[in-house]
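Taking it in order: structure first as structure tokens, then the write-up.
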Amino acid sequence: QVQLVESGGGLVQPGGSLRLSCAASGSIFSINNMGWYRQAPGKQRELVAAITSRGGTNYADSVKGRFTISRDNTKNTVYLEMNSLKPEDTAAYYCNADARSSWHGGVYTYWGQGTQVTVSS
């Protein structure tokens, strides 16, 4: 119905940068909020950043000033630009979207499959 496909994860040295992308596709009528979460082994999944349909943003305190979330509504895609990466940023990163399906008409929160980000020297 609605699929979120993430890309851009990988291995990077401390202080480096990565750009994550998440493209939504399928039977989409509309998309409201989109966001990025992360989960490290043995820890709870936490919100990293979120963005509204009109571009309003919020960030976790731990990433403010280093990460930037953005979206391209013409492509149904959300991005996460990650700069000055630290080892503690290592986690599986998941995007999500609040979307209305044109197939069944319901509003649900959809999740991507996750992409691994590893920050290590």
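The model shown is predicted, which means the values in this text are computed figures rather than measured ones. Side chains are part of it too, since the values below use all heavy atoms of this structure and drop only hydrogens, waters and symmetry mates.
Q44 CD: 12 or fewer foreign heavy atoms inside a 6.0 Å radius.
Side-chain atoms of E6 come within 3.5 Å of backbone N or O of G114 as a donor-acceptor pair. Side chain of D72 to backbone of T77: no donor-acceptor contact under 3.5 angstrom is found.
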Throw together a table of side-chain donor-acceptor distances under 3.5 angstrom for residues 48-60, partners on residues two or more places apart or in other chains.
{"unit_1": "T52", "atom_1": "OG1", "unit_2": "R54", "atom_2": "N", "d": "3.4"}
{"unit_1": "T52", "atom_1": "OG1", "unit_2": "G55", "atom_2": "N", "d": "3.3"}
{"unit_1": "T52", "atom_1": "OG1", "unit_2": "G56", "atom_2": "N", "d": "3.0"}
{"unit_1": "Y59", "atom_1": "OH", "unit_2": "I69", "atom_2": "N", "d": "3.0"}

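Under the salt bridge (charged side-chain N to carboxylate O under 4.0 Å, His left out) criterion, K43 pairs with no residue, sequence neighbours left out. In this structure, the side-chain contact (heavy atoms from CB on, under 4.5 Å) partners of N83, at least two apart in sequence or on a different chain, are S17, E81. Listed by chain and residue number, D89 satisfy the side-chain hydrogen bond (donor to acceptor under 3.5 Å, both in side chains) test with R66 (two or more places apart in sequence, or in another chain). A search for side-chain hydrogen bond (donor to acceptor under 3.5 Å, both in side chains) contacts involving N32 returns nothing, not counting sequence neighbours. Taking the side-chain hydrogen bond (donor to acceptor under 3.5 Å, both in side chains) definition, one finds that E46 meets it with R38, sequence neighbours left out. Judged as a side-chain contact (heavy atoms from CB on, under 4.5 Å), and not counting sequence neighbours, the contacts of S120 are L11, T118. Partners of S30 by side-chain hydrogen bond (donor to acceptor under 3.5 Å, both in side chains), not counting sequence neighbours: none found. Under the rule for a ring pair (Phe, Tyr, Trp, His ring centres under 6.0 Å), the partners of Y37 that lie at least two apart in sequence or sit in another chain are W111.
Residue pairs meeting the disulfide (SG to SG under 2.5 Å) criterion with at least one partner in residues 56-108, sequence neighbours excluded, are C22-C95. Applying the ring-ring contact (aromatic ring centres under 6.0 Å, His included) test to residues at least two apart or on different chains, the pairs with a partner in residues 71-108 are H104-Y108. Sequence neighbours left out, not one pair with a member in residues 103-121 passes salt bridge (Lys or Arg N to Asp or Glu O under 4.0 Å).
In terms of heavy atoms, A91 sits closest to A40 at CB-N, 3.9 Å. Across every non-hydrogen atom of L4 and A24, the tightest pair is CD2-CB, 3.3 Å. Taking each heavy atom of V117 and M82 in turn, the nearest pair found is CG2-CE, 3.9 Å. Summarising the geometry of S101 relative to Q1, their closest heavy-atom pair is OG-OE1, 4.1 Å, with the distance given to 0.1 Å. Nearest heavy-atom pair, I31 versus I28, reported as atom, atom and distance to 0.1 Å: CG1-CG2, 3.6 Å.
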Quiz item: Can you list the steps and then say if L20 with T115 is a side-chain contact (heavy atoms from CB on, under 4.5 Å)?
Solution: CA-CA 8 Å; L20 306 182; T115 185; 4.1 Å; yes
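Looking at L85 and Q13, their side chains never come closer than 4.5 Å, going by heavy atoms from C-beta outward. By the 4.5 Å heavy-atom criterion applied to side chains, V119 and K86 are not counted as neighbours. Counting heavy atoms from C-beta on, the side chains of S62 and F67 never come closer than 4.5 Å.
Atom-to-atom distance recorded for S7:OG and R19:CZ is 9.5 Å, nearest 0.5 angstrom.
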